[in-house]
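One structure is given here, and the rest of the page talks about it.
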Number of protein chains: 2
Amino acid sequence: MYFCAMYSSELIKGTLKTIILKLLKSNGKMYGYEITQRVKELTNNKIQITEGALYPTLHLLEKEGEVETETENIGKRVRKYYTITPKGKVTVNLKVNEFMDFMNTMKFLLDLELDVGHAAK
Amino acid sequence: MYFCAMYSSELIKGTLKTIILKLLKSNGKMYGYEITQRVKELTNNKIQITEGALYPTLHLLEKEGEVETETENIGKRVRKYYTITPKGKVTVNLKVNEFMDFMNTMKFLLDLELDVGHAAK
DNA sequence: TTTTATACCTAAGAGAATTATGTATTACGC
DNA sequence: GCGTAATACATAATTCTCTTAGGTATAAAA
């Protein structure tokens, strides 16, 4: 069912809040389903946020005051828009910086070719 | 007790096997405690592998055939050395490539400054 | 009219780490 | 010579975050 060039799921762990907040920061108000679609599209299906992960995270972010909601009626359907708060903007900057730093560290670790001489391919 | 400029622990999740295999590949045989110290040193204390995470992972890697062990007696103490297997070398290349790809995708996502005009700092 | 896409949600379970222990040897400080 | 810190292994209980699976309902497309 999944046409996965997707990353193994452990990798993505810990990045969900960062991704959501970053999208909301640079993209303005979005609703849940839209977030999943946008991420999928921007990453060529490599990152697919499941709804079981998304909605609980959005609710948590709201409880923490990182995002705010407003509902909009589309026909008979209710759509819930999320907007990043000032607190959320602080958080997202911290998180993005931390992740960038982490990537540099990992790149350093994974690029190392040390002593041993045979430096196996 | 921890003098953490350390990364928030969720970030590191999913990268442990990759780090261990990569170190063993480029560094030759190493024992558990040595791995934790080397990683700590190479990352300026930013990544500190806990023993509760390390040992179960090493045992798993052995069970999966990614690494092999040999014990060495240092005085009265037993030291357990780990070496990467040919299978492990294939795995580590896949994992490193996947992680590098993942980092590029994340960098793309987190660097985006989209439409909205106000492009909040 | 039936299937697919949109749109929200929660609950049970899995997986990978943390935290807390436990054991024992060796080196260092005083 | 004696206590503390560092070395070195290990496991168990718990926590956290996500997956899998389920549920509801409207709108569009086939």
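Note on naming: letters A, B, ... go to the chains in the order of the sequence lines (proteins, then strands), and numbering restarts at 1 for each one.
- Computed from coordinates, the A:Leu11 CG to D:dT19 C1' distance equals 15 Å when rounded to whole Å.
- The B:Lys80 side chain lies nearest to D:dA10 when the options are D:dA10, C:dA7, D:dA6.
- To the nearest angstrom, C1' of D:dA8 lies 16 Å from NZ of B:Lys29.
- Here the P atom of nucleotide C:dA17 and the CD atom of B:Gln48 are 16 Å apart, to the nearest Å.
- A:Val90 forms part of a hydrophobic cluster together with A:Leu94, judged by ILVMFWY side-chain heavy-atom separations under 4.5 Å.
- Side-chain atoms of A:Lys22 come within 3.5 Å of backbone N or O of B:Leu112 as a donor-acceptor pair.
- If you find the closest nucleotide of DNA chain D to A:Lys13 and to A:Gly75, the one lying nearer the 5' end belongs to A:Lys13.
- In this structure, A:Leu16 atom CG and D:dT19 atom C1' are separated by 12 Å, rounded to whole Å.
- Side-chain N or O atoms of A:Thr85 include one that pairs as donor or acceptor with a backbone N or O of A:Gly65 at under 3.5 Å.
- In the set D:dT11, D:dC9, D:dT19, the nucleotide with an atom closest to the side chain of B:Arg79 is D:dC9.
- For D:dC9, the OP1/OP2 oxygens have no side-chain nitrogen or oxygen of B:His59 closer than 4.0 Å.
- Taking 4.0 angstrom as the limit, A:Tyr55 places a side-chain polar atom (N or O) nearer than this to OP1 or OP2 of C:dC8.
- Nearest nucleotide to the A:Tyr33 side chain, out of C:dG15, C:dT6, C:dT19: C:dT6.
- The side chain of B:Tyr31 places an N or O atom within less than 4.0 Å of a non-bridging phosphate oxygen (OP1 or OP2) of D:dA8.
- Taking atom CZ of residue A:Arg38 and atom C1' of nucleotide C:dT6, one finds them 16 Å apart after rounding to whole Å.
- Closest heavy-atom contact between B:Leu24 and B:Tyr82: CD2-O, 3.4 Å.
- Between A:Glu51 atom CD and D:dT20 atom P there is a gap of 14 Å when expressed in whole angstrom units.
- Nearest to the side chain of A:Arg77, among D:dT26, C:dC9, D:dT19, sits D:dT26.
- Residue pairs meeting the salt bridge (charged side-chain N to carboxylate O under 4.0 Å, His left out) criterion with at least one member in residues 75-86 of chain B: none, sequence neighbours excluded.
- Atoms CG (A:Leu54) and P (D:dC18) sit 11 Å apart, rounded to a whole Å.
- Taking atom NZ of residue A:Lys63 and atom C1' of nucleotide C:dC9, one finds them 16 Å apart after rounding to whole Å.
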